[in-house]
> 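The structure under discussion is supplied below as structure tokens; questions concerning it will follow.
Lettering follows sequence order; numbering is per chain, from 1.
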Amino acid sequence: MHKAPTAAELALLDPDGTFAERLAGDRAAFAALAAALDEADDDGALADIQLLAHRLGGAAGTFGYAEVGEAALDLEESIIALREGEGDSGVAAGHLAVLLATLDVALRLK
Amino acid sequence: MMNNEAAADPAEGEAIGQLAGAPARILVVEDDRDVAGLVGREMRSLGLIVDVIGFAEDALVAARATDYALMIVDLGLPDRDGLDLVREMRKRAIATPILMMTARGKVEDKVSGLASGADDYLVKPFAVPELRARVGALLRRPSPLKESRLTIGNIVVDRDALEAVVDGASLPLTLKQFQLLELLVRRKNHMTPKRMIEEALYGFNDEVSGNAIEAHVYKLRQALRGAGADAEVETRRGIGYRLVEQQRRPPAADA
């Protein structure tokens, strides 16, 4: 379990709060794309989720949101597996739910 | 991983950014605006001049035109894979040290990155102190492909000392004039487009007045002539400039 960053620690890394605003935007985008997991043949939507998760996975931990970053990378891996025909949409949906929950926790830290 | 030491240590910044006696210039190739902003901010706090580019093709153009001390390259770029970009740079003999940055952290990814020509590898998420330490280590490495002394005729440009000398006498140049001379000597006898000079002397976000380069060339030409340099800056209107060695005039015969 990661220690939650303090407001002071986050302020050092994101002094103008733009990354925190991005988290809110990404959360809305993930929520809007969630339906795509029920239609696993919509590869375009899955690709969008993968790209969004990849970018968030790379950035979030660097800005102090370690759990968000890990949840995003888990989601990315499950989407890659799904697109390669080796995954399970239920697993991906589970990872998405975890990511949305960690984003909610992170957004309360703002 | 917590990342709670982002504040810069000014003393360390001076040590890294002023390593070669002048502010080092680096290129950050990263399409994620937030990560690019963080990296750029940290690097500037170290005293470095930072250019940020989000596309691989633009980065290739910049790397060919500019003498960067270091490049930080993200693996996942929108128009081209970062590995391809690094391979292309090495193929074009761009020897600048490269720190590759990516969210992929598997051993095979690191091996691929290093095999493509990167000098070091940083996995996201990264801690800011680790980024700074890796950048510092790469900037301290001597580059065998970059000579510290360049010459043409009786002109010697000492990049470490930031000094240009003609027949043993130091030329009184501003930093921009010195950088211009260094670029022209590196490209001696080759035409150097005005655009390339602008990119070498100014950051991408700097505003450059319309005749700034002409003014620097004029002053440099005056300084070289005044010191008796046996190389001349030639102008090709609409194309650029070229430094060409001139034949020394024989001493005038006494009447």
Side-chain angles (χ1 to χ4, degrees), chain A residues 1-27 29 47-81 99 102-103 105-106 109-110, chain B residues 1-10 28-45 52 54-55 72-83 99-106 108-110 113 121-135:
Chain A
M1 194 67 182
H2 296 277
K3 174 178 162 280
T6 65
E9 287 167 341
L10 293 177
L12 276 177
L13 295 158
D14 186 27
D16 53 6
T18 54
F19 191 77
E21 284 175 16
R22 167 184 169 168
L23 288 181
D26 280 3
R27 198 221 178 274
D48 287 344
I49 298 176
Q50 182 184 329
L51 180 62
L52 200 57
H54 177 79
R55 288 191 169 167
L56 184 59
T62 299
F63 280 88
Y65 299 96
E67 291 190 344
V68 172
E70 288 185 9
L73 291 175
D74 286 344
L75 175 61
E76 181 196 8
E77 283 186 12
S78 63
I79 296 292
I80 290 171
L99 175 58
T102 57
L103 280 167
V105 171
L109 290 173
K110 279 174 66 178
Chain B
M1 185 189 311
M2 257 318 293
N3 203 345
N4 54 3
E5 296 177 57
D9 174 355
V28 177
V29 190
E30 165 65 80
D31 67 313
D32 187 298
R33 194 185 57 189
D34 295 308
V35 175
L38 174 65
V39 173
R41 196 167 64 237
E42 287 301 320
M43 294 300 98
R44 287 186 191 96
S45 78
V52 177
F55 290 89
I72 300 175
V73 178
D74 183 54
L75 198 56
L77 297 168
D79 57 334
R80 195 172 180 182
D81 191 287
L83 288 176
L99 174 62
M100 186 150 261
M101 195 166 61
T102 179
R104 300 175 205 169
K106 294 176 187 164
E108 54 265 38
D109 292 327
K110 294 181 189 175
Y121 203 98
L122 184 63
V123 177
K124 296 182 200 169
F126 54 82
V128 168
E130 182 181 357
L131 168 68
R132 291 166 54 180
R134 289 187 184 277
V135 166

> Look up atom NE2 in A/His54 and atom OG1 in B/Thr102, then write down how far apart they are to the nearest 0.5 Å.
5.5 Å
> Could you check A/Arg55 against B/Val35 for side chain to side chain contact (heavy atoms under 4.5 Å, CB included), going step by step and ending with a plain yes or no?
CA-CA 10 Å; A/Arg55 288 191 169 167; B/Val35 175; over 6 Å; no
> For B/Asp34, check salt bridge (charged side-chain N to carboxylate O under 4.0 Å, His left out) against everything at least two apart and list the hits.
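Result, salt bridge (charged side-chain N to carboxylate O under 4.0 Å, His left out) vs B/Asp34: A/Arg22.
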> What pair of heavy atoms forms the shortest contact from B/Pro125 to A/Gly57, and how long is it?
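Scanning both residues, the minimum pair turns out to be CD-O, 4.4 Å.
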> Could you give the distance from CZ (B/Arg41) to CG (A/Asp16), rounded to the nearest 0.5 Å?
6.5 Å
> Looking at every heavy atom in both B/Leu38 and A/Leu13, which two are closest together, and how far apart are they?
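So the minimum-distance heavy-atom pair works out to CD1-O, 3.8 Å.
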> What part of B/Asp31 gets within 4.5 angstrom of chain A, counting heavy atoms only: side chain, backbone, both, or neither?
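It is the side chain, since no backbone atom gets that close.
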> Apply salt bridge (charged side-chain N to carboxylate O under 4.0 Å, His left out) to A/Asp74 and list each qualifying residue two or more places apart in sequence or on a separate chain.
none
